[in-house]
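Below is one structure, written out as structure tokens; the observations come after it.
Along the sequence shown, residues are numbered consecutively beginning with 1.
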Amino acid sequence: MSILDKAISHFEAKGIRQIEVEEWGIVIHCSPFTMNEKRKLLRVAKDDDLEFLVRALIMKAKDKAGDALFDLADKVSLMNKVDPDVITRIVTEITASSSVEEMEVN
């Protein structure tokens, strides 16, 4: 097995994480960020931490079937009508394997 094969296997083994959001009565399913997803996220939310949080939630929050829970049309509502502490907690858990600081460096 090549080094690349080992690296790919390691990433695939991380699997889908589940985040319980008691306030909303749901469980969010999310996969780890790929380098391409990190690049896209950082490109659109480079100098705005709140934009980063909302875009990360939109990008990574899925239901059990793997369907997106939010889309870009939800961004304004997420930014203005949803508890920011809940969003921050969810995104902190989503990015737990890759800290926000780590993502900003990459």
Legend entry - Spacing of Ile58 atom CD1 and Leu78 atom CG [to the nearest 0.5 Å]: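 Reported value, rounded in 0.5 Å steps: 5.5 Å.
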Inset, instruction - To the nearest 0.5 Å, tell me how far Ile94 CD1 sits from His29 NE2. - result: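 Ile94 atom CD1 to His29 atom NE2 measures 12.0 Å (nearest 0.5 Å).
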Legend entry - Sidechain-backbone polar pair: Lys38 side chain, Phe33 backbone, donor-acceptor under 3.5 Å: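 A pair under 3.5 Å: no.
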Legend entry - Lys60 (side chain) donor-acceptor with Ser31 (main chain) under 3.5 angstrom: yes
Taking the side chain as everything from C-beta on, heavy atoms only, tell me whether [X] gets closer than 4.5 Å to [Y].
{"X": "Phe70", "Y": "Val82", "value": "no"}
{"X": "Ile26", "Y": "Leu69", "value": "yes"}
{"X": "Glu37", "Y": "Met59", "value": "yes"}
{"X": "Val27", "Y": "Ile19", "value": "no"}
{"X": "Asp49", "Y": "Leu53", "value": "no"}

Legend entry - Full working for side-chain contact (heavy atoms from CB on, under 4.5 Å) between Lys40 and Val44: CA-CA 7 Å; Lys40 287 178 186 177; Val44 297; over 6 Å; no
Legend entry - Members besides Ile8 in its Ile/Leu/Val/Met/Phe/Trp/Tyr cluster (side-chain heavy atoms under 4.5 Å): Leu4
Inset, instruction - Quick one: which residue pairs count as a side-chain hydrogen bond (donor to acceptor under 3.5 Å, both in side chains) with a foot in residues 65-89, not counting sequence neighbours? - result: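 Passing the test, one end in residues 65-89: Glu23-Arg89, Glu51-Lys75, Arg89-Glu93.
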Inset, instruction - Report the C-alpha separation of Arg55 and Leu72 in whole Å, then their side-chain angles, then the decisive distance to 0.1 Å, and conclude whether the side-chain contact (heavy atoms from CB on, under 4.5 Å) test is met. - result: CA-CA 8 Å; Arg55 292 282 188 139; Leu72 281 178; 3.5 Å; yes
Inset, instruction - Would you name the heavy atoms of Ala56 and Leu41 that are closest together and state the gap between them? - result: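 Ala56 and Leu41 have their closest heavy atoms at N-CD1, 3.6 Å.
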Inset, instruction - Return the minimal non-hydrogen interatomic distance between Gly15 and Pro32, and the atom names on each side. - result: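 Closest approach of Gly15 to Pro32, heavy atoms only: O-CD, 3.3 Å.
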Legend entry - Same apolar cluster (I L V M F W Y, side chains within < 4.5 Å links), Leu57/Val86: yes
Legend entry - Joint hydrophobic cluster, Val91 plus Leu50, side-chain heavy atoms closer than 4.5 Å: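 In one cluster: yes.
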Legend entry - Non-neighbouring partners of Asp5 that pass side-chain contact (heavy atoms from CB on, under 4.5 Å), sequence neighbours left out: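 If we apply the side-chain contact (heavy atoms from CB on, under 4.5 Å) test to Asp5, skipping adjacent residues, the hits are Met1, Ser2.
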Inset, instruction - Give the C-alpha distance, both sets of side-chain angles, the deciding distance and a yes or no for side-chain contact (heavy atoms from CB on, under 4.5 Å) between Phe52 and Asp47. - result: CA-CA 8 Å; Phe52 177 92; Asp47 295 320; over 6 Å; no
